[in-house]
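Take a look at the structure set out below.
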Amino acid sequence: MCRLFGMSAGRRRARATFWLLDAPDSLAEQSRRNPDGYGLATFEPDGTPKIAKRPAAAYEDELFAREAREEESSTFVAHVRYASTGDLSLENTHPFEQEQRVFAHNGWVGELDALDARLGDYRRLVRGQTDSERFFALVTREIDAAGGDVGRGIAAAAGWIARELPLFSLNFMLATADDVWALRYPESHELLVLERAVGGPTGARHLDAASPAGTVRVRSAGLARQPAVIFASEQMDEDDGWRPLESGELVRVDRDLAVTRTIAIDEPPRRLVRLEDLDPRVAASQRHGAAQT
């Protein structure tokens, strides 16, 4: 499955070093499917999004993913793609940007013609072929319809898909320079949150977190001296504060690191698709890390 990572440092910008592919060369790792793309979104001090991303189409793209990338930002979103829809191109690689917001998704939505029809004029925001970017455009449409209320827009967009389209998972992260939003729906994939205290569990330790799957790794010396809130597809260090989001739970972290939790969708999907019923390519992109229910 795709790997998601998001972090808010609040009002204080933080420096962090990212590796988007950190797997060792071993027979066990070589037996796994290789990622199809990598990306990291940060924000400039004036709030402008900055996105570095590459599709995994050649050896030099793997070198891009293995290269240490040091960035400074108030919020961060990283994504490792295992493609379910669309080819290996820059346009199909996460994170995406629309109206000063960035977005990364882990999951699958079907019947894209119906989704395109729902988008109307907002279809112009979609540059690639993915269900994910279309989902983001629907979120943008609903935020505008809600007068700029991001939470209401997310709930409206995800609720419509849950009622109208076949889906496997809608897990995503959306960030601005000030806020990070994360949704888990339904229980197909995990999504976790950590409200990390200054210095982590010991009170004096920097952040050194890594995906057990050997993808995203992040280090930040500054988090020995400041708090942060972190989201990830899986627990990334030994801190016992990691907590899974509930199905339908939407979490917002604002610039003061205040965490707000709501249930954005309180009913199961009307057309939930089982892993075994997905197209083989889609199933392969979703299989590793699917929750056992």
Side-chain angles (χ1 to χ4, degrees), residues 2 4 6 8 41 75 77 79 94-112 114-123 125-126 130-193 195 229 231-233 243-273 291:
C2 299
L4 293 171
S8 173
T75 59
V77 174
H79 185 271
H94 307 224
F96 305 105
E97 187 268 322
Q98 295 174 12
E99 298 187 3
Q100 301 292 294
R101 306 181 191 102
V102 299
F103 178 94
H105 169 229
N106 173 26
W108 176 84
V109 177
E111 297 185 5
L112 299 187
L115 183 49
D116 284 341
R118 180 71 173 179
L119 288 176
D121 290 344
Y122 284 78
R123 181 65 176 79
L125 299 175
V126 180
T130 66
D131 56 329
S132 302
E133 192 180 17
R134 288 173 165 92
F135 178 23
F136 185 21
L138 183 62
V139 170
T140 299
R141 175 187 184 271
E142 296 298 341
I143 291 171
D144 288 350
D149 187 319
V150 176
R152 283 176 55 200
I154 289 171
W160 183 84
I161 291 176
R163 293 190 303 272
E164 302 295 336
L165 300 183
L167 69 90
F168 183 74
S169 174
L170 294 183
N171 288 14
F172 74 82
M173 294 177 194
L174 181 153
T176 68
D178 294 327
D179 301 309
V180 177
W181 303 79
L183 175 74
R184 181 190 184 195
Y185 183 78
E187 295 179 343
S188 306
H189 290 313
E190 287 194 332
L191 186 60
L192 295 93
V193 61
E195 297 181 53
V229 179
F231 296 94
S233 300
R243 183 187 68 81
L245 275 65
E246 300 177 26
S247 175
E249 185 176 358
L250 177 64
V251 179
R252 177 194 179 189
V253 183
D254 68 16
R255 64 184 305 187
D256 295 316
L257 294 182
V259 177
T260 305
R261 301 177 175 87
T262 59
I263 299 299
I265 313 173
D266 59 5
E267 296 182 354
R270 290 185 183 175
R271 302 172 64 186
L272 180 64
V273 179

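Computed from a prediction, not measured in an experiment: that's the story for all the values here.
- Interatomic distance, Ser233 OG to Glu190 CD, rounded to the nearest 0.5 Å: 9.5 Å.
- No donor-acceptor distance shorter than 3.5 angstrom exists from the side chain of Arg141 to the backbone of Ala137, with no hydrogens or angles considered.
- Considering CG of Asn171 and CG of Leu245, their distance stands at 8.5 Å, rounded to 0.5 Å.
- Summarising the geometry, atom OG1 belonging to Thr262 is positioned 10.5 Å from atom CZ belonging to Arg252; distances are rounded to the nearest 0.5 Å.
- Atoms CZ and CG, on Arg123 and Leu125 in that order, are 10.0 Å from each other to the nearest 0.5 Å.
- For Ser169 against His105, the heavy-atom pair with the smallest separation is O-NE2, 3.2 Å.
- Side-chain rings of Phe172 and Phe136 stay apart, their centers remaining 6.0 Å or farther from each other.
- For the pair Arg101/Ile143, a side-chain contact is recorded, criterion being any heavy-atom separation below 4.5 Å from C-beta on.
- Ionic pairing of Arg271 and Glu111 is present here: one or more N-O contacts between side-chain nitrogen and carboxylate oxygen are shorter than 4.0 angstrom.
- Using the six-membered ring where Trp is involved, His94 and His79 have ring planes that are parallel, under 30° apart on the 30 and 60° scheme.
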Item to complete: Run the numbers on Glu99 and Thr140 for side chain to side chain donor-acceptor pair (under 3.5 Å), then give the verdict.
Response: CA-CA 8 Å; Glu99 298 187 3; Thr140 299; 5.5 Å; no
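- Here the straight-line distance linking atom CZ of Arg255 with atom OG1 of Thr75 works out to 11.5 Å at 0.5 Å rounding.
- We find the CG-CD1 distance between Leu250 and Ile154 to be 5.0 Å, quoted to the nearest 0.5 Å.
- Enclosure of atom CD in Glu267 is not indicated, since only 12 or fewer non-hydrogen atoms of other residues, nucleotides or ligands lie within 6.0 angstrom.
- Side-chain contact check for Pro95 versus Phe103: every heavy-atom pair is 4.5 Å or farther apart.
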